[in-house]
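Presented below is the structure to which this report refers.
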2 protein chains.
Amino acid sequence: MTRPPTLRDVAAASGVAISTASRALTKPGRVNERTATRVREAARQLGYAPSPTGRALSSGRTRMVALLVPDVTNPYFFGIVRGTAARLRADGYVHVLVDAEESVEAEERALRALRPTVDGAVLAASRLDDDRLEAWSHEFPMVTVNRPVPDQSGVLVDTAGGTGQALAHLASLGHRRVAYAGGPRASWSDRRRRAVLRTAAKRLGVEVVFLGPFVPRREDGAAAADAVLHADVTAVLAFDDLLAFGILDRLAERGVDVPGAMSVVGCDDVFGADLVRPGLTTIAAPLERAGHAAADLLLARLDPTHPGGTVTVELPTHLVVRGSTGTAPLRVVT
Amino acid sequence: MTRPPTLRDVAAASGVAISTASRALTKPGRVNERTATRVREAARQLGYAPSPTGRALSSGRTRMVALLVPDVTNPYFFGIVRGTAARLRADGYVHVLVDAEESVEAEERALRALRPTVDGAVLAASRLDDDRLEAWSHEFPMVTVNRPVPDQSGVLVDTAGGTGQALAHLASLGHRRVAYAGGPRASWSDRRRRAVLRTAAKRLGVEVVFLGPFVPRREDGAAAADAVLHADVTAVLAFDDLLAFGILDRLAERGVDVPGAMSVVGCDDVFGADLVRPGLTTIAAPLERAGHAAADLLLARLDPTHPGGTVTVELPTHLVVRGSTGTAPLRVVT
DNA sequence: GGACCGGAGACAAACGTTTGCCGATGGTTG
DNA sequence: CAACCATCGGCAAACGTTTGTCTCCGGTCC
């Protein structure tokens with residue numbers, strides 16, 4: 001492990017000053033082409049690679065971007081991780097993945113630690129409250145996913161639209177009374193979906209029973225399933241696939257046939273939605289595209305030559321029908 | 001976004017030289033306690049935080065560690081990611097996650113790019129061949145998972161031992177002829193499992209049919225399942241859970257009852273193994289612990305006060321029995 | 001022939017930190 | 001009282017890069 005060559009070595013080898021060597025390698029046209037060639041050749045021969053640290057110190061930019069997720073093991077984030085990673089790599093940025101442990105404190109600790117280290121961050125499903133989130137958004141460049149912040153660019157996945165589509169699907173199968181097993185009150189998606197369901201229900205002539213909030217974890221599906229069974233409905237829309245998995249578990253445990261006696265719809269189409277039996281009908285979210293778009297917005301914002309201005313990208317969803325939804329059972333009219 | 005305070009500001013505020021301020025904050029005892037207190041107070045008041053970049057340039061260490069995985073969306077790596085992330089965070093290191101896209105070129109590109117940026121790396125399931133891997137291991141500190149490298153520390157998950165256990169489980173259920181749907185030839189785990197199976201088969205009086213290699217993806221399970229059915233066996237050990245998922249898919253498609261007509265055993269116990277129906281009997285690998293141990297070894301190696309020497313940690317596995325294995329069907333003796 | 005100009009290279013400062021070394025101060029010891 | 005030593009603070013170099021500014025040189029224009 002010998003000391004890697006520096007610009008100084010390149011300069012010495014090609015008989016020019018360090019500044020000239022620097023410009024020869026980074027500012028095309030600034031130095032005589034013959035000299036530049038000489039420098040480049042020396043650099044090649046020595047195997048010179050610029051030191052990111054030196055660069056960062058001088059330029060104030062590290063060419064690193066962080067992705068903050070509340071829980072790396074939640075399959076919801078896989079697509080996002082993949083999307084941001086691909087986009088960042090394309091621009092030669094280093095991808096820093098941070099797990100905020102589902103905790104506000106850990107998330108703020110991470111942001112504090114990262115601020116001087118990264119040029120910007122993508123926040124996927126931040127657990128911060130609105131005020132703190134907005135405060136942080138002034139601290140350094142960030143882009144949020146599924147979480148609008150005033151005067152900041154962001155990516156929104158239109159699961160609300162998909163929810164309307166899912167309700168229509170259920171209505172077309174004859175369901176007349178449907179439960180919504182909702183997510184956390186703080187969730188922006190949840191609020192929007194409730195609103196959409198209310199109007200769509202009216203339009204479709206379907207009754208929607210709102211249940212929850214439930215924590216979107218598989219373990220919490222049991223409580224949700226019990227509430228659903230108690231609500232006298234023939235179908236349930238779950239806040240997300242994890243909750244739907246839990247609901248399926250519990251329904252099987254209680255001997256309720258899916259979709260014969262109860263139809264179940266998830267949301268996101270995460271890894272595993274096609275593993276369960278019956279396969280889970282779900283609202284597919286283009287998560288990889290969302291990650292990609294978020295990174296895209298962030299990189300645009302980091303580019304000093306870029307015009308600026310905030311942009312909100314809204315991505316459409318679509319319903320994937322698998323085995324967990326079917327025609328409504330005949331109900332005994334009392 | 002105002003310029004963050006530097007050591008220079010702290011020094012000015014407390015009326016000492018920069019060097020004194022630096023020592024007051026990082027070298028306990030080196031400066032007079034009263035002065036040190038004054039400096040610390042000034043730092044606190046200004047909200048001073050040392051610049052990682054400045055530190056890195058001066059010390060040559062970035063306090064960043066990379067985790068290289070072939071594919072971030074493979075659930076196998078979730079546990080590892082989580083384990084390394086937790087361990088690194090505990091020591092205040094920044095966690096850089098890199099997806100090598102299942103390609104040797106991308107992996108080498110990533111290593112080259114990362115070498116000057118991170119202090120070391122954890123390689124989980126590297127796709128590099130032995131020579132290149134060893135060459136890289138001389139270039140900068142690294143720890144491998146499930147991939148022994150000469151003179152380097154590493155973590156091994158004893159799936160081979162688990163495989164023996166799984167075979168015993170099948171034998172106890174009356175299976176006498178079992179298939180092994182193997183993984184890539186390059187896989188160290190695969191080679192070891194084949195060896196273990198050979199001796200265990202002899203001991204248990206079970207015949208093992210070796211099939212494959214198969215690419216450990218769900219899509220490739222179909223080919224594996226067909227080969228298994230053709231091999232006239234009553235049970236199959238799959239290289240990993242993803243392949244097992246695919247095998248289950250295909251068996252269902254072909255109307256083969258699991259576990260009535262065929263028992264299936266996976267490996268790793270990834271997310272989803274308890275979602276499929278029947279639940280997948282599998283060899284549970286302590287992946288989070290593996291990630292933790294790998295990060296642990298790397299940090300020890302990075303610590304200059306540490307004695308040094310290479311260590312190999314071997315982690316045990318255990319069999320998780322779910323619904324996909326059952327008693328062997330009665331075979332018609334021909 | 002002098003003024004002007006542009007090209008091309010070099011000098012040096014700046015980014016923020018750590019650390020080797022020196023000097024000053026004050027106290028202890030012989 | 002001199003010699004020595006420990007304590008504590010400061011100066012300055014070093015890490016590797018970028019970039020503002022200066023100089024030198026040759027050419028062009030009037």
Side-chain angles (χ1 to χ4, degrees), chain A residues 1-40 42-43 46-64 92 113 115-119 304-305, chain B residues 1-40 42-43 46-64 92 94 113 115-119 304:
Chain A
M1 300 198 199
T2 171
R3 189 180 61 78
T6 75
L7 206 45
R8 178 201 195 85
D9 302 324
V10 175
S14 42
V16 297
I18 295 184
S19 55
T20 305
S22 171
R23 284 191 256 254
L25 297 174
T26 60
K27 298 270 190 297
R30 175 61 175 78
V31 302
N32 188 308
E33 188 47 43
R34 274 189 41 209
T35 328
T37 310
R38 197 150 40 94
V39 172
R40 276 195 296 269
L46 270 66
Y48 167 77
S51 146
T53 311
R55 278 234 167 110
L57 188 58
S58 173
S59 68
R61 310 204 24 202
T62 59
R63 292 194 75 80
M64 302 202 289
R115 181 168 44 160
T117 306
V118 303
D119 292 342
T305 73
Chain B
M1 300 196 200
T2 172
R3 190 180 60 77
T6 75
L7 206 46
R8 180 202 195 84
D9 302 324
V10 175
S14 43
V16 298
I18 297 184
S19 54
T20 306
S22 171
R23 284 191 262 253
L25 296 174
T26 61
K27 298 265 190 299
R30 177 59 175 80
V31 302
N32 188 308
E33 188 47 43
R34 273 189 41 207
T35 325
T37 309
R38 196 149 41 93
V39 172
R40 276 196 297 269
L46 270 63
Y48 167 77
S51 145
T53 312
R55 278 236 167 107
L57 188 57
S58 173
S59 68
R61 311 205 24 204
T62 59
R63 292 192 75 80
M64 301 202 289
V94 169
R115 181 169 43 160
T117 306
V118 302
D119 293 342

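Protein chains get the first letters and strands the later ones, always in sequence-line order, with residue 1 at the start of each. Computed from a predicted model, the values in this text were never measured in an experiment.
Straight-line distance from the CG atom of L25(A) to the P atom of dT19(D): 13 Å, rounded to whole Å. dT18(C) atom C1' lies 15 Å from atom CZ of R63(B), rounded to whole Å. Between the C1' atom of dT25(C) and the CZ atom of R34(B) lies a distance of 15 Å, rounded to the nearest Å. dT17(C) atom C1' lies 8 Å from atom CG of L57(A), rounded to whole Å.
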Query raised in the report: How does each nucleotide of nucleotides 5-12 of chain D score, in 5' to 3' order, for protein heavy atoms under 4.0 Å: base (B), sugar-phosphate only (S), or none (-)?
Result: ---BBBBB
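Panel note: side chain S22(A), backbone I18(A); no donor-acceptor pair is recorded below 3.5 Å. A donor-acceptor contact shorter than 3.5 Å is absent between the side chain of T62(A) and the backbone of A56(A).
Side-chain contact between V10(B) and V39(B) is present, with at least one heavy-atom pair separated by less than 4.5 Å.
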Query raised in the report: So T35(A) and R38(A), side-chain contact (heavy atoms from CB on, under 4.5 Å) or not? Walk me through it.
Result: CA-CA 5 Å; T35(A) 328; R38(A) 197 150 40 94; 3.4 Å; yes
Query raised in the report: V118(A) and V94(B): side-chain contact (heavy atoms from CB on, under 4.5 Å), yes or no, with the steps?
Result: CA-CA 11 Å; V118(A) 303; V94(B) 169; over 6 Å; no
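Residue-environment remark: CZ (R61(A)) exceeds the threshold of 12 foreign heavy atoms within 6.0 Å.
Among the nucleotides dC15(C), dT19(C), dT18(D), the one closest to the side chain of S22(B) is dT19(C). The side chain of R55(A) lies closest to dT17(D) when the candidates are dT19(C), dG16(C), dT17(D).
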